[in-house]
K.L.:
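Have a look at this one.
Only a predicted model underlies this, so the values are computations on that prediction, with no experimental measurement involved. Numbered from 1 within each chain, the chains take letters A, B, ... in sequence-line order.
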Amino acid sequence: MALGVPVIYSALTDLWYGFGVALEPHNILWCFVGVLIGNIVGVLPGMGVLATISILLPLTFGMKPVGAILMLAGVFYGAQYGGAICSILLNLPCHPPHAVTCLDGYPMTKQGRGGVALGITVIASFVGASWGITEMTFLAPVLVQVALKFGPAEVCSLMLLGLLAGSTLARGSPIKGVAMTVFGLLLGIVGADIETGTPRFAFGMTELDDGVEIVALALGLFGIAEFMNTVNQTAPIDTKYTNVRLRDMWPSRADFKQAFFPMWRGTVIGSLCALIPGTGPTIASFVSYAVEKKVSKTPERFGTGAIEGVACPEASTHSSVQGDFIPTMSLGIPGDAVMALLLGALTIQGIVPGPQLISQHPDVFWGLVASFWVGNIMLVILNVPMIGLWVKLLTIPYRYLYPSALFFICIGVYSTNNDMFQVGETIIIGIFGYILLQLGFHPAPILLGFVLGPRFEENFRRAMLISRGDLLVFLERPISAFFVFLCLVLIIAQIYVRVRAGNGQKTEAVPRPAE
Amino acid sequence: MRNLLSQKKDYYAGGLMVLIGIGAVLEARHYSLGTLFHMGPGFFPIILGVTMTCVGILIALVAATSQATADDQLHIPKPEWRAWACILAGPVLFIILGNYGGLIPATFACVFVSALGDKDSTLVSALLLAVGITLFGVLLFSYILQVSMPMWRWGSL
């Protein structure tokens, strides 16, 4: 692969082309709709990004692929802007990536500096996001050039690495994460076998021959199960500090100076985390907060309203959110459940995710990258002057939210195939998902396994066919062997950490996000 | 302080995974297995089923060898029977009324019944919410997005 001037030049011309796509009037509109919905959902306590994207997914079936993916992606990064408001003003860690922002954001609010915290959040978010997008612009094409040389064996070991990292590095117990991933892979098998057409795990129901509907799965796990878990458990919302006006938001010169370097450190940590599959924005924000506290000359200020404690994790979250798209769009390997859902959306639109995506559908890829710029600028504009409106949204009680969401779930799932069977499927999955939640499982890896499962099996079978049934092929090909080696490192590291931590007693100084 | 009862959660969790794994293997036996060279439809499911069983056993084993913390216990929060029933009844009513009544009654019933699950809800607040969402839903899904479900239909499918 030739790094250097030609790569930069071609990336810039492609990005220019992407702006042409993203700035078409209907695409601007879809991008705006996406970030607006995302921002609203981010603010509302108790509404999740995953549930929202799944509800919107069926509505995008009739749309062109570019508009659909711009909108759904917009919901994801838009929600990150909104999510910080909830953490800073209410001390509610309702969105996992922003849980750590509560630690210093809320004390700032209590000191009457909530506006400043929000202001610095918007600035840090934009800095982080800009870096993440730039990284994607130049890195994704390079990654693709490498990945295009992959055969089935390499794809297979890369997927294994992705699945393993996705299940063990995410929150919660690593073994339980693996269990959920395998469960997702099993769910992905349901339906007719790709080669022989034998219906598998359909239990005689012809409706299941096409497999489990991804919308039904996501809405069962992240909609119905979530509502059952959250109903009547929400704390009363304290609106004492939610009166924030625009003129409170400007950080002073001293604030800005204090937050400047933490912001950049957070950005770099976030973009590194984005490249490791499985470590999404949540991990990035927790790691960057810990690093910042360690680097700081005055670590005792953390937790009492230090502006660095807000700027650093927020920048990190946003740079990681944008960077998350790199492995997803260039390799077809999603890092977390949201990305898995977006890959599902692409597949429904008839676009095969993988390294060939950029060359086969440049409008989708470069349009998406350009729309990140458009969307992030829109979000800054939305968040600064309209802060009063967002703050008002915080006071909508849960008893109005979840029944409305349930209706959207029902009609959304129904409209995927105009079939009530899918609604029933969603209810069953919801009940099962609730049981899993009670047993301490995090359901996010299920979606990862579900989306990757069919392609994993296909490539595995193909690799075996090419090697005439020789399993050693995964070790004989150098790139594949490297991925297998990384898998082993990951497993050994997990065991090592567990043994050293004294039988796995983790103490987290950070409030656990109520997922 | 090793108390079997206090660690129940992970025993149940592991047990459930073992059940799923064994179930998958039993079901996949009926599909042709093939060889590693030419894999049949049953090969991959059986690998997964076996993996799942092992992972389930591992979860239970880890629970057995580690000290109990408060986090490990199976603590069922005060059962919210009414809330759970209402949340599940909403979509069930949506299926029934969607098939036999149409979009308007289905939407109304789904929102109204599930809203009653929250302990702060009153009949009036649930009613108002249901009317509002029904109006909005019909406008959005029937007129704008043209979902293929009639607003009213009585009796037949």
K.L.:
Using a cut-off of under 4.5 Å on heavy-atom pairs, state which of A:Met180, A:Met464, A:Arg200 scores highest against chain B.
P.N.:
A:Arg200
K.L.:
Quick one, A:Pro403 and B:Leu129 - any side-chain contact, counting heavy atoms below 4.5 Å?
P.N.:
yes
K.L.:
So what's closer than 4.5 Å to chain B heavy atoms on A:Pro58: side chain, backbone, both or neither?
P.N.:
neither
K.L.:
What's the separation between atom CZ in A:Arg399 and atom OG1 in B:Thr122, rounded to the nearest 0.5 Å?
P.N.:
7.0 Å
K.L.:
Please flag which part of A:Ile409 lies under 4.5 Å from any non-hydrogen atom of chain B: side chain, backbone, both or neither.
P.N.:
neither
K.L.:
Without placing hydrogens or testing angles, list every side-chain donor-acceptor pair under 3.5 Å for residues 37-53 of chain B, not counting sequence neighbours.
P.N.:
from, atom 1, to, atom 2, distance (Å)
B:Thr51, OG1, B:Ile47, O, 2.6
B:Thr53, OG1, B:Gly49, O, 2.7

K.L.:
Which atoms of A:Tyr402 are under 4.5 Å from chain B, going by heavy atoms: the side chain, the backbone, both sets, or neither?
P.N.:
side chain
K.L.:
Give the minimum heavy-atom separation between A:Ala179 and B:Ile59, together with the two atoms involved.
P.N.:
CB-CD1, 4.1 Å
K.L.:
Where on A:Ile466 is there a heavy atom nearer than 4.5 Å to chain B: the side chain, the backbone, both, or neither?
P.N.:
neither
K.L.:
Working to the nearest 0.5 Å, report the span between CZ of A:Phe183 and CG of B:Leu16.
P.N.:
8.0 Å
K.L.:
What part of B:Phe136 lies closer than 4.5 angstrom to a heavy atom of chain A: side chain, backbone, both or neither?
P.N.:
side chain
K.L.:
Could you name the residues of residues 88-95 of chain B that have a heavy atom within less than 4.5 Å of a heavy atom in chain A?
P.N.:
B:Leu88, B:Pro91, B:Val92, B:Phe94, B:Ile95
K.L.:
For B:Ala83, which residues count as a side-chain contact (heavy atoms from CB on, under 4.5 Å) partner, sequence neighbours excluded?
P.N.:
A:Val231, A:Asn232, B:Glu80
K.L.:
Is A:Ile175 close to chain B through its backbone or its side chain, or both, or neither, when contacts mean heavy atoms under 4.5 Å?
P.N.:
both
K.L.:
What's the separation between atom OH in A:Tyr400 and atom CG in B:Leu128, rounded to the nearest 0.5 Å?
P.N.:
7.5 Å
K.L.:
Determine, step by step, whether A:Tyr434 and B:Ile87 satisfy the side-chain contact (heavy atoms from CB on, under 4.5 Å) criterion, reporting the C-alpha distance in whole Å, the side-chain angles of both residues, the deciding distance to 0.1 Å, and the verdict.
P.N.:
CA-CA 12 Å; A:Tyr434 181 71; B:Ile87 287 178; over 6 Å; no
K.L.:
Flag the one option from B:Val55, B:Thr35, B:Thr134 with the top tally of heavy-atom pairs under 4.5 Å to chain A.
P.N.:
B:Val55
K.L.:
Give, as side chain, backbone, both or neither, the part of A:Phe61 having an atom under 4.5 angstrom from any heavy atom of chain B.
P.N.:
neither
K.L.:
Taking only residues two or more places apart in sequence or in another chain, which ones pass ring-ring contact (aromatic ring centres under 6.0 Å, His included) with A:Tyr414?
P.N.:
none
K.L.:
Working to the nearest 0.5 angstrom, can you tell me the gap between A:Phe432 CZ and B:Ile20 CD1?
P.N.:
4.0 Å
K.L.:
Could you tell me how the ring of B:Tyr31 sits relative to the ring of A:Phe201: parallel (under 30°), tilted (30 to 60°) or perpendicular (over 60°)?
P.N.:
perpendicular
K.L.:
Is the shortest heavy-atom distance from the side chain of B:Glu27 to the side chain of A:Phe203 under 4.5 Å?
P.N.:
yes
K.L.:
Taking every heavy-atom pair that is under 4.5 Å apart, which of A:Thr198, A:Thr426, A:Val178, A:Ile427 has the most such pairs with chain B?
P.N.:
A:Ile427
K.L.:
Can you say whether B:Thr107 sits under 4.5 Å from chain A via the side chain, the backbone, both, or neither, judging by heavy atoms?
P.N.:
both
K.L.:
Compare every heavy atom of A:Gly469 with every heavy atom of B:Leu36, then report the nearest pair and how far apart it is.
P.N.:
CD2-O, 3.4 Å
